[in-house]
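Structure first, then comments.
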Amino acid sequence: MTVTAESTWTQQTATLSPALKQATPVVVDHALGSWIHGTDGNDYLDFTTGIGVTSTGHCHPRVVAAAQDQCAKIIHAQYTTVMHPPLLELTEKLGHVLPLGLDSVFYANSGSEAVEAAIRLARMATARPNIVVFQGGFHGRTVAAASLTTAGTKFSAGFSPLMAGVHMSPFPYAYRYGWDTDTAVDFALRELDYLLQSRVAPNDTAAFLIEPVLGDGGYLPTPPRFLQGLRERADRHGVVLILDEVQAGFGRTGKFWGHQHAAGVTPDILITAKGLASGFPISAIAAPTELMSKAWPGSQGGTYGGNAVAAAAAVATIDVIHDENLVDNARIRGDQMLDGLREIAPRFGGIGDVRGLGLMAGIEFVADTDDGTRVPDAAAAAAVQQATTRHGLLTLTCGPAGNVVRLIPALVVTEDEIAMGLDRFAAALTEVFSGDTLGQR
Ligand SMILES: Cc1ncc(COP(=O)(O)O)c(C=O)c1O
């Protein structure tokens, strides 16, 4: 059959699928550090970092140089066929920052893939089927990862059947329940024990899977005592504790890993992605060699995992985080951001809660009802998020109800940039709430 030029190259142009949702109308021309320069000629202070990805800021010169150098050497060296120096160097360097005992690593491309790989590993290692997740957790969009995700029905509705063997236990979301943190933790641990007694037998349970800070679920730090309770129960029942550090890891919370805020907690499997390579797609799964050895060789892998350019960028990212003390910077600038938000919030009646850890801040919007209760106000959060763009600050929303605005600056963010971000956020609030007038819109 002859293929004509017409049938191969047509006049058709394609457009982006309506299945995607754009948070802002910004088209980026170039970006550096905390700043995005739009094709509209405007400069935007980026407090989204590509959903917590550009840890060392946009286009950090050392990350750019590492990637450029590697591109000229080899781009794709499929890592279960041949190995390459960035892969070996990255693996060695990850060892320096991983919790002691987690000394075996393999790679994938995205957070979702890494989550699925971790589940595969936990099920193989324990020969048990069930996974317990915690309400509001986000673990990705591929079908198995979506089955583990309870941060909103939009992530799992409409394409059932989902993966079997997933069970959900409450998360200690103190603000939502209207309790203090201790009461919420006691409740959530009690409910987990009840789940393990009533439906999910410990001997059938492979893993507990949780984020150290719920990301898409509303920027909720997991209380240390809850993580400690999970660790204790995991040990007692022979369950694998998987910590999804995809969003909270790599220095973002002011410690290298989010779970390090909970003394004495070490995961059995740790998942990292996002900030690992400052924007290049690579994820890693780490566990003790003994646990890894329970999976059969060849059970993990993939075409692009451990890509040479991404691995070189990850090595440079670790070096920059170390040399520029970015974990300390995340803690100090994070405190500045949260203090500033807590100062601004009382001026606006629509803000119910301000919370976070390091450079992860969530601002929860609520509305008063006639019966005296407060309900999630997604419209307010959306309006504020849109307004921040108009004021030159890029932000995102999150939370199952969509009523939380989240701020996720780069780890290189400066004192002046946080101050400027707070000013712009306050200006957006003022625009939406028509001035400092207790929630009137
Ligand atoms: C905690 C967490 N886990 C997993 C994922 C999925 O990662 P990816 O979008 O790279 O598949 C995300 C993405 O936002 C995440 O925040």
Side-chain angles (χ1 to χ4, degrees), residues 19-21 23 47-55 106-122 131 133-152 154-156 162-163 166 168 171 207-222 227 230 241-253 257-259 261 267 269-286 302 304-307 310 313-314 317 356-362 395-400 402 404 406-408:
L20 301 167
K21 190 164 168 261
F47 278 15
T48 71
T49 46
I51 323 187
V53 170
T54 52
S55 47
F106 67 91
Y107 300 97
N109 308 290
S110 65
S112 303
E113 270 184 275
V115 164
E116 296 212 8
I119 296 304
R120 196 154 53 228
L121 178 59
I131 313 293
V133 296
F134 298 88
Q135 192 165 25
F138 182 87
H139 302 290
R141 287 178 176 271
T142 53
V143 175
S147 310
L148 299 155
T149 289
T150 53
K154 68 178 173 197
F155 299 116
S156 56
L162 300 173
M163 180 177 74
V166 180
M168 187 183 73
F171 180 87
F208 299 149
L209 169 65
I210 191 162
E211 296 160 87
V213 179
L214 296 201
D216 281 69
Y219 267 38
L220 289 156
T222 303
L227 278 184
L230 295 188
L241 178 62
I242 307 176
L243 291 185
D244 179 344
E245 292 266 8
V246 166
Q247 194 158 163
F250 252 74
R252 173 151 296 286
T253 64
W257 303 109
H259 74 268
H261 293 274
I269 302 179
L270 181 149
I271 307 162
T272 180
K274 289 194 187 276
L276 163 62
S278 299
F280 287 85
I282 184 170
S283 54
I285 301 90
Y304 295 107
N307 170 267
T317 298
L357 203 54
L359 290 170
M360 294 180 87
T395 62
L396 291 170
T397 56
C398 63
V404 179
R406 54 176 154 170
L407 308 181
I408 334 170

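Ligands are counted one by one from 1 in listed order, and the atoms in each one are counted from 1 as well. No hydrogens, no waters, no symmetry mates; every other heavy atom, side chains included, goes into these values.
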Can you tell me if Ser112 contacts ligand 1 (heavy atom of the residue under 4.0 Å from the ligand)?
yes
Quick check on contacts: which atoms of ligand 1 are under 4.0 angstrom from a heavy atom of Ser110?
10 (O), 11 (O)
Checking the N or O distance criterion of under 3.5 Å, is ligand 1 in contact with Glu113?
no
Does ligand 1 have an atom that lies less than 4.0 angstrom from a heavy atom of Lys274?
yes
Hey, is the main chain of Ala146 close enough, under 3.5 Å, to the side chain of Ser156 for a donor-acceptor pair?
no
Least distance between heavy atoms, Pro212 atom then Gly258 atom
CB-C, 3.6 Å
Under a 4.0 angstrom heavy-atom cut-off, which atoms of ligand 1 come close to Gly111?
6 (C), 7 (O), 8 (P), 10 (O), 11 (O)
Surrounding CZ of Phe155 (heavy atoms of other residues, nucleotides or ligands, distance under 6.0 Å), is the total greater than 12?
yes
Say whether Tyr219 and Gln247, considering side chains only, have a donor N or O and an acceptor N or O under 3.5 Å apart.
yes
Polar side-chain atom of His261 near backbone of Pro221 as donor-acceptor pair, under 3.5 Å
no
Please report which non-hydrogen protein atom sits nearest to atom 16 (O) of ligand 1, along with the residue it belongs to and the distance in Å to one decimal place.
Gln247 NE2, 2.8 Å
The answer for which part of Glu211 has a heavy atom under 4.0 Å from ligand 1 is side chain
Ligand 1 to Asp244, heavy atom cutoff 4.0 Å, flagged ligand atoms 1 (C), 2 (C), 3 (N), 4 (C)
Can you name the nearest heavy-atom pair linking Asp216 to Ala151, along with the distance?
C-CB, 4.1 Å
